Amino acid sequence: MTGAKVRERVPDWVVRKANQIELIDSSPGQLRRRMLHGNIYPKEKVPQALTHFFRSDNLIALRELALRLVADESDDELLEHLRPAPVSGLWETTERIMVAVSGEPGTDVLLRRAARIRVQGQGRT
């Protein structure tokens, strides 16, 4: 996604196997400021990092991915908690898809896109 080769990463299987995930969230601006202050990389690596991997658009996209991962894990944790003793009137915390269509040409594209999003959501474990 970023076009940069990442050497400092935790494999997905390690994250999935974790008992608990804590997200430490920083805005892209805050992360870039920390970079400038030398809190992430040595000062000599900062200019290249800020113009390559640590660009604001990359950081925004990666932040969204992290937030989605934690939201999905929280949803799975809630369902696992409720499985042994279901609560009457279970509250739904998952996303919903609603598509507003008219009789105009082209609305079939919206319906197909919504169907693809729904199928992708069912593929989660």
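Treat the numbers as computed from the prediction; the structure is a model and nothing was measured. Keep in mind that the numbers below use all heavy atoms, side chains included, and drop hydrogens, waters and symmetry copies.
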Exercise for the section: Using atom types as modelled and distance alone, determine if a side-chain donor or acceptor of T107 lies under 3.5 Å from a backbone N or O of G103. Expected result: no
Practice task
Please tell me if the side chains of Q20 and E22 come closer than 4.5 Å, counting only heavy atoms from C-beta onward.
Solution key: yes
Practice task
Flag the pair R55 / L50 as yes when at least one side-chain heavy-atom distance between them is below 4.5 Å, and no otherwise.
Solution key: no
Practice task
First locate atom CG of L31, then atom CG of N58, and finally report the distance between them rounded to the nearest 0.5 Å.
Solution key: 11.5 Å
Practice task
Give a yes or no on whether L65 and L59 share a hydrophobic cluster (residues Ile, Leu, Val, Met, Phe, Trp, Tyr; joining criterion: side-chain heavy atoms under 4.5 Å apart).
Solution key: yes
Completion exercise
All heavy atoms of A49 vs all of M35, minimum pair found to be CB-CE, 3.9 Å
Exercise for the section: Report yes if the side chains of F54 and L62 come closer than 4.5 Å at any heavy-atom pair, otherwise no. Expected result: no
Exercise for the section: Determine, using the 4.5 Å side-chain heavy-atom cutoff (strictly less than), whether V70 and V10 are members of one ILVMFWY cluster. Expected result: yes
Handout entry: Atom of A100, atom of L110 and distance for their closest heavy-atom approach
Key = O-CD1, 4.1 Å
Handout entry: Cluster check V15, W13: I/L/V/M/F/W/Y, side chain < 4.5 angstrom
Key = yes
Fill in the blank from the handout: Distance col, row L111:CG vs R116:CZ, nearest 0.5 angstrom, shows 11.0 Å
Practice task
Mind listing the closest non-hydrogen atom pair of A66 and L23 along with its distance?
Solution key: CB-CD1, 4.0 Å
Practice task
Compare every heavy atom of P28 with every heavy atom of R63, then report the nearest pair and how far apart it is.
Solution key: NH1-CD, 3.7 Å
Side chains of residues 36-45: which donor-acceptor pairs under 3.5 Å do they make with residues two or more places apart or in other chains?
| residue | atom | partner | partner atom | Å |
| --- | --- | --- | --- | --- |
| H37 | ND1 | R33 | O | 2.8 |
| Y41 | OH | E8 | OE2 | 3.3 |
| K43 | NZ | L36 | O | 3.1 |

